[in-house]
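Below is one structure, written out as structure tokens; the observations come after it.
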Amino acid sequence: MPTHALATLPDGIDSVHAAALPLAGIAALRLLRAAGSLAGLRVLLTGASGGVGHYVTELAVAGGAELTAVTATPARGERLAELGAVVVHDLASVQGPFDVVLESTGGSALSLALATVRPGGLLIWFGQAGRSPVTLDFFDLLGGPERVTIQHFHYAGAPYGDDLAALVRLVERDRLHPEIGRVADWSRAPETLVDLRERRIRGKAVLTTGSGRWATGG
Ligand SMILES: NC(=O)c1ccc[n+]([C@@H]2O[C@H](COP(=O)([O-])OP(=O)(O)OC[C@H]3O[C@@H](n4cnc5c(N)ncnc54)[C@H](OP(=O)(O)O)[C@@H]3O)[C@@H](O)[C@H]2O)c1
């Protein structure tokens with residue numbers, strides 16, 4: 001393990017919460033940096049009930065964004081509403097305009113989301129949770145908002161340690177709360193993966209091994 005990918009874990013954070021942080025937490029942190037200051041801005045987030053979505057919501061709301069979160073059902077958006085998001089369930093009827101749209105479900109969602117961006121606004125595409133490639137007819141842009149920037153985002157890039165430490169610090173100070181929809185023994189990996197895929201787990205799943213001292217994020 002390269003030392004640039006390590007952070008110190010204080011006693012107050014258990015390994016289950018720590019395991020929920022790295023990929024989704026770093027992706028959320030870096031995604032928000034890519035979006036720039038969101039203070040006072042209207043933000044739309046698709047796929048919001050997942051691991052990344054809960055982190056993005058809590059951090060963006062803390063940064064002053066007025067965030068609208070798209071989830072499949074009210075139950076999947078319950079925690080997001082507690083974190084301060086306006087929760088909606090039908091992307092096609094979402095009322096814009098939004099200054100920034102963060103899209104991660106793919107398929108036709110990107111075009112629908114694009115129509116809600118304000119002229120000159122920003123759409124960042126970072127995932128395809130629906131497992132269908134993005135479809136986008138550029139002629140649709142002619143009837144939509146003008147001068148929108150469409151940006152691709154990928155979280156990867158060493159070093160990771162500083163961002164991991166920042167996430168740990170936020171959790172320690174009670175400013176970031178990993179949403180963990182399931183904690184299960186490692187032997188339940190297959191059903192947990194199916195449940196994640198079938199959208200039956202909110203936020204992160206954490207699988208533990210042995211005594212539970214070691215855990216891995218799902
Ligand atoms: N670009 C990057 O650097 C980066 C980094 C990390 C993750 N990602 C990507 O970002 C996306 C979100 O990551 P995540 O870890 O938060 O994933 P996740 O926990 O699986 O959450 C994905 C969310 O997308 C929604 N969704 C909509 N249509 C779906 C479908 N057909 N099947 C499954 N989920 C669907 C689900 O919410 P509802 O059920 O409420 O609709 C689900 O909560 C994924 O596509 C992931 O690959 C990208």
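Atoms within a ligand are numbered from 1 in the order they appear, just like the ligands themselves. Sequence positions, counted from 1, serve as the residue numbers for this chain.
Of the polar atoms of Arg76, at least one N or O is found under 3.5 Å from an N or O of ligand 1, judged by distance alone. Between Thr105 and ligand 1, not a single N/O pair is under 3.5 Å apart. The shortest N or O to N or O distance between Gly51 and ligand 1 is under 3.5 Å. Here's the thing with Leu23: none of its N/O atoms is less than 3.5 angstrom from an N/O atom of ligand 1. When only interatomic distances are considered, the shortest N/O to N/O separation between Ala129 and ligand 1 falls below 3.5 Å. Close N/O approach between Ala27 and ligand 1 is not found [any backbone or side-chain N/O within under 3.5 Å]. Polar contact with ligand 1: present for Gly50 (N/O pair, distance under 3.5 Å). The shortest N or O to N or O distance between Thr73 and ligand 1 is not under 3.5 Å. Looking at ligand 1, you won't find any N or O of Val70 less than 3.5 Å from one of its N or O atoms. Every N/O-N/O distance between Thr71 and ligand 1 stays at or above 3.5 Å.
Atoms of ligand 1 found under 4.0 Å from any heavy atom of Arg131, numbered from 1 in the order shown, are 32 (N). Atoms of ligand 1 lying under 4.0 Å from any heavy atom of Ala72, numbered from 1 in the order shown and given with element: 38 (P), 39 (O), 40 (O), 41 (O). Within ligand 1, counting atoms from 1 as listed, the ones closer than 4.0 Å to a heavy atom of Tyr155 are 2 (C), 3 (O), 5 (C).
Counting only distance, with no hydrogens or angles, the side chain of Thr116 and the backbone of Ala113 share a donor-acceptor pair below 3.5 Å. No donor-acceptor pair closer than 3.5 Å links the side chain of Glu58 to the backbone N or O of Val61. Checking side-chain atoms of Asp14 against main-chain N and O of His17 turns up a donor-acceptor pair under 3.5 Å. A donor-acceptor pair under 3.5 Å is absent between the side-chain atoms of Glu66 and the main chain of Thr68, judged by distance alone. In this structure, Arg76 contributes its side chain and Ile201 its backbone to a donor-acceptor pair below 3.5 Å.
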Can I get a per-line list of side-chain donor-acceptor pairs under 3.5 Å for residues 79-96, giving both atom names and the distance, sequence neighbours left out?
residue	atom	partner	partner atom	Å
Arg79	NH1	Glu82	OE1	3.0
His89	ND1	Thr71	O	3.0
His89	ND1	Thr71	OG1	3.2
Asp90	OD1	Ala92	N	3.2
Asp90	OD2	Ser93	OG	3.0
Ser93	OG	Asp90	O	3.3

N/O donor to acceptor pairs below 3.5 angstrom from side-chain atoms of residues 123-132, sequence neighbours left out:
residue	atom	partner	partner atom	Å
Trp125	NE1	Gly127	O	2.7

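No heavy atom of Leu196 sits closer than 4.0 Å to any atom of ligand 1. By the 4.0 Å heavy-atom criterion, His152 is excluded from the residues contacting ligand 1.
Tested against Leu32, the residues Leu59, Val43, Val100 include a single side chain to side chain contact (heavy atoms under 4.5 Å, CB included) partner, Leu59.
Taking all heavy atoms of Ala205, Ser49, Gly53, Ser104 into account, the minimum distance to atom 11 (C) of ligand 1 is reached by Ser104. If you check each of Arg197, Arg202, Arg199 against atom 35 (C) of ligand 1, the one with the closest non-hydrogen atom is Arg199. By heavy-atom distance, the residue among Ala69, Gly47, Ala28 lying nearest atom 25 (C) of ligand 1 is Gly47.
The CG atom of Leu196 sits 7.5 Å away from the CZ atom of Arg182 when rounded to the nearest 0.5 Å.
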*Take Arg118 and Asp99 through the test salt bridge (charged side-chain N to carboxylate O under 4.0 Å, His left out) and record every step on the way to the result.*
CA-CA 6 Å; Arg118 72 158 165 78; Asp99 302 287; 2.7 Å; yes
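The two residues Ala24 and Gly51 make their nearest non-hydrogen contact at CB-C, 3.9 Å.
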